[in-house]
Amino acid sequence: MTKSLNECIVPTYPTIQALDVNALEPGEHKFWFAVATDAIGHPQTLPVRVFKGKQAGKRVVITAGVHGDEQNGILTAQKLARELTKKEIAGAVTIIPTVNLSGIARHSRDFHSAAPDSSSANLNRVFPGSPDGDDASRYANSLWQNLLKPNADLAIDLHSQTSGSAYPLYVFADYRLPDAIRMARLVNPDVILNDPGDPGILETVYNRADIPSITIEVGIGRYTDLTMIDRATQGLLNILSAYEVISGESNHQQRECVEGNHIVSVRAKQGGFVICHVELMQKVTKGQVLATQYNSFGDEVEVYTAPLEATVISHNVESVRAPGSLVVRLIH
Ligand SMILES: [Zn+2]
């Protein structure tokens with residue numbers, strides 16, 4: 001018996017190679033965006049949702065899953081989409097919840113190349129990519145040229161800490177850009193870092209293309225954190241209402257937020273098992289013990305202390321630490 005593909009497994013939405021939200025009819029749209037082909041020539045397609053308003057307004061692009069093991073960002077993007085199905089929109093909101101297909105499928109931070117002469121790559125260091133580069137670079141370039149850049153007046157990229165470590169709700173914003181500071185504070189996060197950016201990072205590439213952008217870190221790497229997802233989703237709704245993309249008051253329940261210019265990472269001096277003694281957002285003094293490291297016999301081999309007075313914004317949750325792995329990150 002011939003059976004066509006089950007619609008529940010692969011919904012039959014239109015497949016597109018480029019998106020122009022200006023030309024869409026008002027309403028909700030779902031597409032497969034054909035970002036690239038794989039090594040045997042099959043299309044790689046990723047889900048795109050567009051909420052287009054009848055009224056003109058800001059066009060906001062929200063991405064998640066650029067790092068494949070940062071599932072709380074993906075879950076935030078999906079939850080926001082479910083919230084927006086109930087709302088009246090002005091302008092457009094484009095949501096791409098699963099950017100790095102090869103990484104997400106492997107629970108891995110990286111983009112995984114099938115080219116024999118390429119290694120896996122950090123996709124968030126290769127934007128805007130190049131049409132003549134390796135497969136990671138071409139993938140990033142297709143996203144940037146055909147999907148992200150043409151449809152964004154404002155942009156938000158959702159991440160989390162990488163596997164093995166935790167973050168609070170933490171926003172990167174370039175303080176030279178008033179819209180970036182405004183969006184960051186509307187998220188109502190625990191921490192904001194004034195970050196001028198680095199080449200290849202999607203947020204930086206947006207900012208340099210005059211599209212104000214922030215990166216939001218939604219808690220812990222890999223494992224589901226519903227409290228953080230709820231807070232990040234509310235933060236995105238705050239931004240959308242402040243920019244009048246959706247109507248209604250933003251949530252003004254402002255919490256204490258640490259804004260800093262510098263981070264210091266305390267890294268494992270050698271391999272071994274690290275037990276952390278501090279919590280997220282804990283204030284520490286210079287010399288305070290942060291973590292203890294044990295060797296495979298269980299004997300203490302190292303004690304890590306705070307190099308300065310600061311606030312803890314990340315710590316390991318997986319004890320096994322390779323030399324140079326993150327133990328604790330501080331902001332001041
Ligand atoms: Zn990330």
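Counting only heavy atoms from C-beta outward, the side chains of I89 and I246 approach each other to under 4.5 Å. The shortest side-chain heavy-atom distance between L154 and Y243 falls under the 4.5 Å cut-off. Residues F31 and V50 have side chains in contact (heavy-atom distance under 4.5 Å, counting atoms from C-beta outward). Side-chain contact between R231 and N188 is absent, with no heavy-atom pair separated by less than 4.5 Å. Inter-residue side-chain proximity for M228 and Y167 is flagged as unmet; no heavy-atom pair is nearer than 4.5 Å.
Judged by distance alone, the side chains of Q234 and D230 never bring a donor and an acceptor atom under 3.5 Å apart. Defined by atom type and a distance below 3.5 Å, a donor-acceptor pair is present between the side-chain atoms of D110 and S120. Using modelled atom types, one finds a donor on one side chain and an acceptor on the other under 3.5 Å when comparing D157 with T63. Side chains of H112 and N100: a donor-acceptor N/O pair is absent below 3.5 angstrom, by distance only.
The number of heavy atoms from other shown groups lying within 6.0 Å of CD (Q145) is above 12. For CD of E300, the number of neighbouring non-hydrogen atoms (other residues, nucleotides, ligands) closer than 6.0 Å is greater than 12. The environment of CD in E88 is sparse: at most 12 heavy-atom neighbours from other residues, nucleotides or ligands sit within 6.0 Å. Heavy-atom contacts from other residues, nucleotides or ligands closer than 6.0 Å to NE2 of H107 number 12 or fewer.
The main-chain N or O of Y175 is found under 3.5 Å from a side-chain atom of N194 such that the two form a donor-acceptor pair. For the pair R321 (side chain) and N316 (backbone), a donor-acceptor distance under 3.5 Å is absent. A donor-acceptor contact shorter than 3.5 Å is absent between the side chain of D20 and the backbone of P150. Under a 3.5 Å cut-off, the side chain of T204 and the backbone N or O of P199 do not form any donor-acceptor pair. At least one donor-acceptor pair closer than 3.5 Å links the side chain of K52 to the backbone N or O of V21. Without hydrogens or angle criteria, S142 side chain to R138 main chain gives no donor-acceptor distance under 3.5 Å. The closest donor-acceptor contact from the side chain of Q44 to the backbone of T37 lies under 3.5 Å.
In this structure, Y170 and F172 have tilted ring planes: the angle between them lies in the 30° to 60° band. The aromatic rings of Y13 and W32 lie tilted to each other, with the angle between the two planes from 30° to 60°.
With rounding to the nearest 0.5 Å, the separation of OH in Y304 from OG1 in T292 is 10.0 Å. Expressed to the nearest 0.5 Å, how far NZ of K87 lies from CG of L240 amounts to 9.5 Å. Distance NE2/H315 to CD1/I220: 8.0 Å, rounded to 0.5 Å. For the atom pair OG1 of T94 and CG of L147, the computed distance is 7.5 Å after rounding to the nearest 0.5 Å. Distance check, rounded to the nearest 0.5 Å: CD1 of I104 to CD of E70 gives 10.0 Å. Rounding to the nearest 0.5 angstrom, the gap separating the CD atom in Q293 from the NZ atom in K269 is 9.5 Å.
Every residue meeting the side chain to side chain contact (heavy atoms under 4.5 Å, CB included) condition with V187, not counting sequence neighbours, appears here in chain and number order: L169, V171, P189, I214, I216, I239.
Note on L101 and L123: same hydrophobic cluster, where clusters join Ile, Leu, Val, Met, Phe, Trp and Tyr whose side-chain heavy atoms are under 4.5 Å apart, directly or indirectly.
T98 approaches P47 most closely through the heavy-atom pair OG1-CD, 3.2 Å. When all heavy atoms of G73 and L158 are compared, the pair lying nearest together is O-CD1, 3.6 Å.
Contact check on E28 versus R49 returns a salt bridge, with a Lys/Arg side-chain nitrogen under 4.0 Å from an Asp/Glu carboxylate oxygen. Comment: R59 engages D153 in a salt bridge, judged by a side-chain N to carboxylate O separation of less than 4.0 angstrom.
With R329 as the fixed residue, the side chain to side chain donor-acceptor pair (under 3.5 Å) test singles out one of S314, S165, S265: S265. Just one residue in the list I313, V284, T311 forms a side-chain contact (heavy atoms from CB on, under 4.5 Å) with L330, and that residue is V284.
Listed by first and then second residue, the side-chain hydrogen bond (donor to acceptor under 3.5 Å, both in side chains) pairs involving residues 212-228 are S163-R222, E203-T215 (not counting sequence neighbours).
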